[in-house]
Protein chains: 2
Amino acid sequence: MLDVRRLRLLRDLSHLGTIAAVAEAHTYTPSAVSQQLAALQRQAGVALLERAGRRVTLTPTGEALVRHAEVVLAALEAADATVAAARGGLSGTVRIGAYPSAVRTLLLPALVALGRDHPALDLMVTELDPVAVPDALRDRRLDVALVHDYDIVPVEPDPALDSVPLLDETVYLAVGTDRHHTGDPMRSVRDADWIVGSPGTLCHAVTLHACELAGFRPTVRHHADDFTAVLALVAAGQGVGLVPQLALGRPSTGVALVPLTIRRRTRIAYRQGAGGHPAVAASVAALRAAARDLPGEHSAGS
Amino acid sequence: MLDVRRLRLLRDLSHLGTIAAVAEAHTYTPSAVSQQLAALQRQAGVALLERAGRRVTLTPTGEALVRHAEVVLAALEAADATVAAARGGLSGTVRIGAYPSAVRTLLLPALVALGRDHPALDLMVTELDPVAVPDALRDRRLDVALVHDYDIVPVEPDPALDSVPLLDETVYLAVGTDRHHTGDPMRSVRDADWIVGSPGTLCHAVTLHACELAGFRPTVRHHADDFTAVLALVAAGQGVGLVPQLALGRPSTGVALVPLTIRRRTRIAYRQGAGGHPAVAASVAALRAAARDLPGEHSAGS
DNA sequence: CGAATACGTAAGCTGAACTGATGCTTGACG
DNA sequence: CGTCAAGCATCAGTTCAGCTTACGTATTCG
């Protein structure tokens with residue numbers, strides 16, 4: 001019978017890529033991880049990983065074993081959820097992660113409601129980019145997280161995670177009011193200066209991709225992750241940028257917002273099997289309620 | 001994250017009933033099992049078991065946790081199966097359990113075929129009553145086993161085990177040729193002396209139940225588990241008994257066999273998730289082939 | 001009302017597993 | 001092409017989880 005802790009290391013290795021990263025995620029030394037994975041292979045009697053340059057990659061058998069590990073870990077997570085439910089009385093710590101604009105708009109009312117309804121719950125919020133969410137959930141640095149993707153840059157679901165849809169919003173092109181646009185809004189700003197997110201973030205990726213679809217490479221002038229900053233820059237005539245509906249506060253002067261066909265889809269994610277955990281379920285419910293009460297119309301899937 | 005070894009102890013406790021039995025099954029001392037279960041409860045933060053007289057019983061939460069444990073263990077079993085398949089070349093030990101009459105008729109040809117086709121396979125056969133099979137499979141004393149039940153005494157499937165149907169046979173009432181029977185064969189022997197299996201075995205239970213359905217309690221004279229012995233006793237005029245089709249060798253003189261509506265159903269059982277194990281799959285295939293080649297007509301389910 | 005059975009606790013010991021040090025290979029950079 | 005850093009493996013040393021043994025307590029049975 002294979003050891004679950006070792007299977008977990010193997011699974012994390014398949015996502016993180018290096019033994020050093022796995023070690024850091026588990027607060028072990030790389031040596032310990034290396035020894036445990038060696039022991040796993042010895043027990044399995046098959047090669048599960050092989051050196052590839054100065055890193056290691058999983059063999060096909062290793063990858064197959066990872067898929068089994070996901071099932072095992074999801075079942076253990078579900079077991080955890082049932083004992084938590086049996087413990088009764090929502091208590092303990094829930095660590096929630098979200099992207100910046102969601103913290104202000106969605107998470108805040110949900111937090112207030114959760115704190116009011118379940119005073120024994122310790123709520124911790126972390127602001128982080130959606131691309132970092134899967135690792136954070138897997139490594140148990142987060143329990144619940146808001147993630148999003150764009151229809152033109154879909155993110156394939158992670159086998160270790162489960163999620164439910166929350167929002168579906170329009171993405172706007174923010175341009176200075178002096179600009180006159182005709183026809184396809186994207187094509188009319190092909191020569192403008194662009195304000196995009198930091199490289200490596202999803203916002204950055206989606207802007208580049210949208211421009212690519214419109215047939216040009218944007219001239220990147222400014223990098224800004226905070227959408228209110230983006231709007232301020234646009235109002236100051238510093239360029240154009242993409243802004244999702246949720247990030248729009250009160251209407252800003254000097255900025256024209258042109259709706260695009262691009263849509264941003266927000267989901268609530270958690271570890272496979274954790275959906276039955278009472279604290280997770282309560283958080284999901286509170287977030288859905290907050291989304292429902294959001295000003296303006298947002299459609300959410302089931 | 002709950003410990004799998006401890007969950008396994010909890011699951012085994014739910015089947016075996018006492019900590020002492022669990023300890024014996026794992027070749028631990030009762031003290032070790034007690035300590036581990038205490039640690040599991042401490043970790044869970046809920047009562048999982050409670051004293052009931054001088055034994056312990058599971059709380060509803062404990063039972064719920066057992067169901068999760070079954071899932072976890074099945075997934076680990078499946079993981080084991082894939083590494084075994086990746087190891088390639090059928091090898092290792094397969095411990096097969098069967099009830100006595102199956103050993104002679106079904107298992108023998110299957111063993112010969114398996115040994116011929118996969119010489120690296122170490123085959124071990126154990127003869128045991130079907131009622132002992134689930135525990136033996138769970139405790140890993142067996143890997144594959146033939147079990148049966150009767151339509152009038154159905155055995156509910158064990159959540160820790162998986163199985164495929166193999167045979168479906170007629171059960172005969174064996175009576176001396178001197179006896180003249182008319183009408184319902186069971187009612188005609190209500191006053192006869194009965195030859196039944198040892199108490200605690202399935203054969204014993206089914207005979208009593210069949211008589212009960214016919215409206216009487218049998219006068220038990222002899223106990224015999226070997227059906228050839230039963231037939232010899234019947235031929236010697238010592239009484240009557242139930243004999244399934246598979247147990248009938250060459251026709252015996254002095255014995256009349258009256259077919260009843262009772263049917264005995266034989267299945268191949270193994271641990272949940274072990275179906276993908278190459279050695280288990282090969283054993284199942286060999287047993288099904290042996291059943292197909294059996295003289296006489298036997299119908300097997302899918 | 002002993003005797004046996006079953007579970008729990010305390011003390012002690014063994015081995016699994018982690019840390020830290022060392023060495024080897026690979027890839028990047030000047 | 002030499003140097004350096006990154007990354008993994010191995011070895012020795014140490015710690016702690018978990019086992020056994022011994023003993024105590026509660027319950028059932030004869």
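A, B, ... follow the sequence lines: proteins, then strands. Residue 1 opens every chain. Atom set for the values below is all heavy atoms of this structure, side chains included, hydrogens, waters and symmetry mates excluded.
- When rounded to the nearest whole Å, the span between CD of Q41(B) and C1' of dT9(C) equals 15 Å.
- Judged by distance alone, with hydrogens and angles left aside, S31(A) brings a side-chain donor or acceptor within reach of the base of dG20(C), the pair sitting under 3.5 Å.
- On a pure distance criterion of 3.5 Å, no polar donor-acceptor pair joins the side chain of R54(B) and the base of dA26(D).
- OP1 or OP2 of dT20(D) lies within a sub-4.0 Å distance of a side-chain N or O belonging to T29(B).
- Summarising the geometry, the separation between CG on L37(A) and P on dT10(D) is reported as 12 Å, rounded to the nearest angstrom.
- Side chain S34(B) to base dT9(C): no donor-acceptor pair is found below 3.5 Å.
- In this structure, W194(A) and F216(A) have tilted ring planes: the angle between them lies in the 30° to 60° band.
- With respect to D158(B) and R138(B), a salt bridge is recorded, a charged nitrogen being found less than 4.0 Å from a carboxylate O.
- In the set dC19(D), dC7(C), dC8(D), the nucleotide with an atom closest to the side chain of R55(A) is dC8(D).
- Side-chain proximity of I19(B) to dG7(D), dT19(C), dC7(C): nearest is dC7(C).
- The nearest heavy atom of DNA chain C to P30(A) and to A20(B) marks one nucleotide each, and the one closer to the 5' end goes with A20(B).
- For L40(A) and dA16(C), the CG to P distance is 16 Å, given to the nearest whole Å.
- For dT9(C), the OP1/OP2 oxygens have no side-chain nitrogen or oxygen of Q35(B) closer than 4.0 Å.
- Put simply, the side chain of V94(A) does not reach to within 4.5 Å of the side chain of V280(A), judged on heavy atoms.
- dA17(D) atom P lies 12 Å from atom CG of D3(B), rounded to whole Å.
- Here the C1' atom of nucleotide dC7(C) and the CG atom of L16(B) are 16 Å apart, to the nearest Å.
- A sub-4.0 Å separation between OP1 or OP2 of dT25(D) and a side-chain N or O of R51(B) is absent.
- In summary, E70(B) and R11(B) engage in a salt bridge, as defined by a charged side-chain N under 4.0 Å from a carboxylate O.
- Nearest to the side chain of R5(A), among dT20(D), dT5(C), dC18(C), sits dC18(C).
- For Y28(A) and dC16(D), the OH to P distance is 14 Å, given to the nearest whole Å.
- dG7(D) atom C1' lies 16 Å from atom CD of E50(A), rounded to whole Å.
- Here the side chains of Y99(B) and H148(B) are in contact, with some heavy-atom distance below 4.5 Å.
- Remark: Q36(B) is not in phosphate contact with dA17(D), judged by side-chain N or O atoms under 4.0 Å from OP1 or OP2.
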